[in-house]
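Written out below as structure tokens is the structure these notes cover.
In this chain, residues are counted from 1 in sequence order. Please read these numbers as outputs of a predicted model, since none were measured by experiment. All ligand and atom numbering here is 1-based and tracks the order in the structure. As a basis for the values below, the full set of heavy atoms in this structure was taken, side chains included, without hydrogen atoms, waters or symmetry mates.
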Amino acid sequence: MADAVVLQLPEPPPEERPVLVVDLGGQYSQLIARRVRECRVYSELVSHRVPAAQLAARRPLAVILSGGPSSVYAEGAPSVDPGLFELGVPVLGICYGMQVMAQELGGRVEPTGVSEFGRTEIRTEEGALFAGLPAEQVSWMSHRDSVTAPPAGARVVAGSASTPIAAFEDPDRGLYGVQFHPEVVHTPYGNDLLKNFLYKVADAPPLWTAAAVIEEEAARIRAQVGSDRVLCALSGGVDSAVAALLVHKAVGDQLTCVFVDHGLLRKDEAAHVVETFGRHFHVPLVHVDARERFLARLEGVTEPEEKRKLIGEEFIRVFEDEARKLGDVRWLVQGTLYSDVIESGGGHAGAAETIKSHHNVGGLPEVMDLDLVEPLRMLFKDEVRRVGEELGLPEEMVWRHPFPGPGLAIRIIGDVTEERLQILRDADAILLEEVRRAGLYRELWQCFAVLPAIRSVGVQGDGRTYAYPIVIRAVTSEDAMTADWARLPYDLLETLSSRIINEIPGVNRVALDISSKPPATIEWE
Ligand code: XMP
């Protein structure tokens, strides 16, 4: 008897079964998937074109239909395979997703002439979605059409002054719809509603934690690479660091990391990477000191694109040399994130999987004949950080601001020389130290110093100076696509100005960049 039990195939662990977010073209589709994951339930984004049978093959715990920009009556409006309502898993339609649901299931959707945008009061009724939540609450709406009759058998459980059907549910068939957006922060009880749907309706346990991700990912990597050797380029950034640690956890010494110090890093950064990986984590690490090589190539190069191209090419050359020395390597680790996968169309099950080449090590996979290991391809950036924390990566590495592959070279306008690098490194170190001291580091997307190619006149002591200015660049942003210049406090600016000018020879002026993106970019080159 005991043998029979052991021989039975185990059920896949619950965290392997996803909540599928069907993307109907809404701007918040990714956000819905992230919110579900924040509730510790694994979730993936899929195209609305995926047939119901393929969705069923993933054994989803639930399906969520996203919002979308269309009207269900518009020509070519995105819809779903109606078979998905027959899968026997709960379905939650959000905004346009709710309207698609109503239309497919015999309800009615109409352009009522009433549109709602933004903050909207709703009155709710008891039921599964609003269990334990206030009867009157604020929701965030964005719609022109409205559901004017729910699908047969469904009960209306919320309405606003101008939209009587703001939510419906049919527990017997597992169908739920909300006209508002529970995924945005402007719906204060939105998260609670999602939890009601996930935990109570879909019976999805909150088991998807950083620790679970690490175990699953390590098992997947082991299965993928077997006993082959793996190579990883460390940049000092959080993505490559977490990717490397995951692979190291999975296959130990089969992984070799190569850290190319191109001399364009911030103060003490190279030493920090070597210390963290080599001494602390015992990851086999090749530290290539290529500082002179890069500096020599950069001599006399002032045009931004030329700088970038040259650094990218040189990086590949150095990396290839090292890979050759290591001999028989089959796999290359790449820190592709889930947002890259989604943007390139690969997030949609069934769609062609084209993967962007990694920003930091531009072009590596194409030139090197290696297969890719991508341990972060199902994770969003904030999840990568949580996994990094769980793996024991030091806080300052986990929360490090983004840093461009070409490094300080694109923050030095004009000639990149050792003398000018030294000035910028020192200014950057003072800036980061003071911003951290002011408790502002985590609030800023990025903050760094720029060294322009001009000099100006000043007076220090009794003497005239003719020296460089330092420009302070600090921005807030969600995703680097747009950014706003950060309103740093005056007393912080005062300290920065005084310290940078007094402590760094060759600097006699500090300026503040107050440009947003667009029209400026975050970096200066
Ligand atoms: P921009 O300057 O275009 O930068 O507003 C947007 C974001 O991208 C970062 N950035 C880079 N990151 N390699 C990178 O890994 C690069 O070549 C590169 N160039 C810009 C920049 O720091 C900002 O976060």
Testing R385, R442, R400 for side-chain hydrogen bond (donor to acceptor under 3.5 Å, both in side chains) with E395, which one passes? R442
List every atom of ligand 1 that sits less than 4.0 Å from any heavy atom of G405, numbering the atoms from 1 in the order shown and giving each element. 13 (N), 14 (C), 15 (O), 16 (C)
Short list, please: which atoms of ligand 1 are under 4.0 Å from a heavy atom of T521? 1 (P), 2 (O), 5 (O)
For I522 and ligand 1, does the shortest N/O to N/O distance drop below 3.5 Å? yes
Flag R411 as yes when one of its N or O atoms lies below 3.5 Å from any N or O atom of ligand 1, and as no otherwise. no
Would you check whether W445 reaches within less than 4.0 Å of ligand 1, judged by its heavy atoms? yes
Can you tell me if R308 contacts ligand 1 (heavy atom of the residue under 4.0 Å from the ligand)? yes
Atom 21 (C) of ligand 1: which of K517, M481, E523 has the nearest heavy atom? E523
With a 4.0 Å cut-off, would you call D328 and R229 a salt bridge? no
Other residues, nucleotides, ligands: >12 heavy atoms within 6.0 Å of E313 CD: yes
Within 45° of the axis and under 6.0 Å from the centre of the six-membered ring of F448, does NZ or CZ of R473 qualify? no
State whether Y468 and R509 meet the cation-pi test: NZ (Lys) or CZ (Arg) under 6.0 Å from the six-membered ring centroid, and within 45° of the perpendicular axis. no
After noting the C-alpha distance and the side-chain angles of V230 and L332, does the key distance pass the side-chain contact (heavy atoms from CB on, under 4.5 Å) rule? CA-CA 6 Å; V230 190; L332 179 70; over 6 Å; no
